[in-house]
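Everything numeric in this text was worked out from a predicted model, so none of it was measured. In each ligand, atom 1 is the first atom listed, and ligand 1 is the first ligand listed. Reckoned from all heavy atoms, side chains included, excluding hydrogens, waters and symmetry mates.
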Amino acid sequence: MNYARFLTATSAAREPSAIRVLTEILSRAPRSLISLAAGAPNPSTFPFQAAVVTTHDGKAVRLDGARMARALQYSPSAGIPELLSWLKQLQVKLHNPPSIHYPASQGQMDLCVTSGSQDGLCKVFEMIINPGDNVLLSEPVYSGILQILKPLGCNIINVSSDEHGIVPESLQEILSRWKPEESESPRRNTPKLLYTVPNGNNPTGNSLTADRKKAIYEVARKYDFLIVEDDPYYFLQFTKPWAPTFLSMDIDGRVIRADSFSKVLSSGLRIGFITGPKPLIERVVLHTQVSTMHASTFSQVLVSELLHQWGEEGFLAHVERVIEFYRAQKDALLAAADRWLSGLAEWHVPTAGMFLWVKIKGINDVKQLIEEKAIKKEILIAPGNVFYIDSSAPSPYFRASFSSASPEQMGLAFERLAQLIKESL
Ligand code: PMP
């Protein structure tokens, strides 16, 4: 792969920060090293001494002494080494990407920790997209991505999708405007990347099937574009076996995968990780060096200690418990929808994640119904238009989350909504 052709001039011009390099050296140095180099403050002046964070099973993650001093200190931009190595092993176990064995320059799998996956995704797009570049995605799409893409001035091309996600034939049809061999010519402007949320898409709750992923990957090979696999709901899949990921089929090193601990460990700790070909991960790390410097060391140490205590098995057992919670929540919201919205609206059963995507029948634009009338009745749901490239266009859809409300509240919300829909028809 010619990674250089995907980089913006800004990203290509990034050079390692000399001071940050010292922090990396220091993090691996023996205790005997005398450092007068780094600009790190002396942690003995920090007010915090120790922290004990207990888990629901009564166990504790204890941070004190040297460990606490470290948790409060600057750390390497790619992530603290013990968390990075744990995450690398996890990725190999879950996805076993072919690229793990490749030479570094040829897209060997690498990984870096980011301040939530949103931070990583923002850096990935800023690394790749110039004004006027063509970018592929499928509407409705996670609005947080539109907010990154629109100011970058790219041309967003919508690929048709249905309840199984992106339709590969539609992707191929769009790409047939270009000749495969034109991808190396910058003037032809072939799409640089496809962005997708393959499991429990936000907002639709849909997942891409394995067959579709394979077909999409083949189109990506033919037209030489990257696939950005944003998968924060991977650990919230309701059916087994879990679908193979784009990363698992990435023989070329063209997949950049965003993972998140927000849905299973904590959203406030802000820990996500980006996995992809080394030459691109290096660029994300260089961006991190000059922006956030690194994801919170305290968060990383806390998460790393917990994961080491649990081991992979313990982590996956925890994930199973989280899935069971969301499964029950999903079933409760579906029961409420069946009871109150049948005949008035349509939806597909979510396969992963925390969202139900509902189309109200007979109303072309539900924005006013949701933003004015529903709020007056004390119901908050997300209007569908915000998930479209043109958010000013009318939409009959809304997104309802089943993460927090109780089954009683879900029933009450849909009962009130049904009343409002009937009044508006
Ligand atoms: N991608 C998608 C599809 C999401 O739904 C979210 C969270 N709403 C994110 C990325 C960002 O997640 P975080 O930064 O908390 O990891």
Return the residue, atom name and 0.1 Å-rounded distance of the protein heavy atom closest to [atom].
| atom | answer |
| --- | --- |
| atom 1 (N) of ligand 1 | D230 OD2, 2.6 Å |
| atom 5 (O) of ligand 1 | Y233 OH, 2.7 Å |
| atom 7 (C) of ligand 1 | K263 NZ, 3.0 Å |

With respect to atom 15 (O) of ligand 1, which of S262, G268, S267 exhibits the smallest heavy-atom separation?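 Looking at heavy atoms only, S262 sits closest to atom 15 (O) of ligand 1.
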Ignoring hydrogens, just give me the one of A258, S117, P203, G120 whose non-hydrogen atom is nearest atom 11 (C) of ligand 1. S117
More than 12 non-hydrogen atoms from neighbouring residues, nucleotides or ligands closer than 6.0 Å to [atom1] on [X], yes or no?
| X | atom1 | result |
| --- | --- | --- |
| Y102 | OH | yes |
| K88 | NZ | yes |
| Q309 | CD | yes |
| R62 | CZ | no |

Looking at [X], which atoms of ligand 1 are within less than 4.0 Å of one of its heavy atoms?
| X | value |
| --- | --- |
| R270 | 13 (P), 14 (O), 15 (O) |
| P232 | 1 (N), 2 (C), 3 (C), 4 (C) |
| G116 | 14 (O), 16 (O) |
| S260 | 13 (P), 16 (O) |
| V197 | 3 (C) |

Do S115 and ligand 1 have an N or O pair less than 3.5 Å apart? no
Is any side-chain heavy atom of K361 less than 4.5 Å from a side-chain heavy atom of I421? no
Could you check whether the rings of F414 and F398 sit parallel, tilted or perpendicular, using 30° and 60° as the cut-offs?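 The arrangement is perpendicular - the two ring planes meet at more than 60°.
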Shortest non-hydrogen contact from L72 toward F46: O-CE1, 3.5 Å
Pair F315 + F261: ring centers closer than 6.0 Å: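 Yes, they do, as the ring centres are separated by less than 6.0 Å.
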Report the part of M354 (side chain from C-beta onward, or backbone N, CA, C, O) that has a heavy atom under 4.0 Å from ligand 1; answer both or neither where that applies.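 Within the 4.0 Å criterion, M354 makes no contact with ligand 1.
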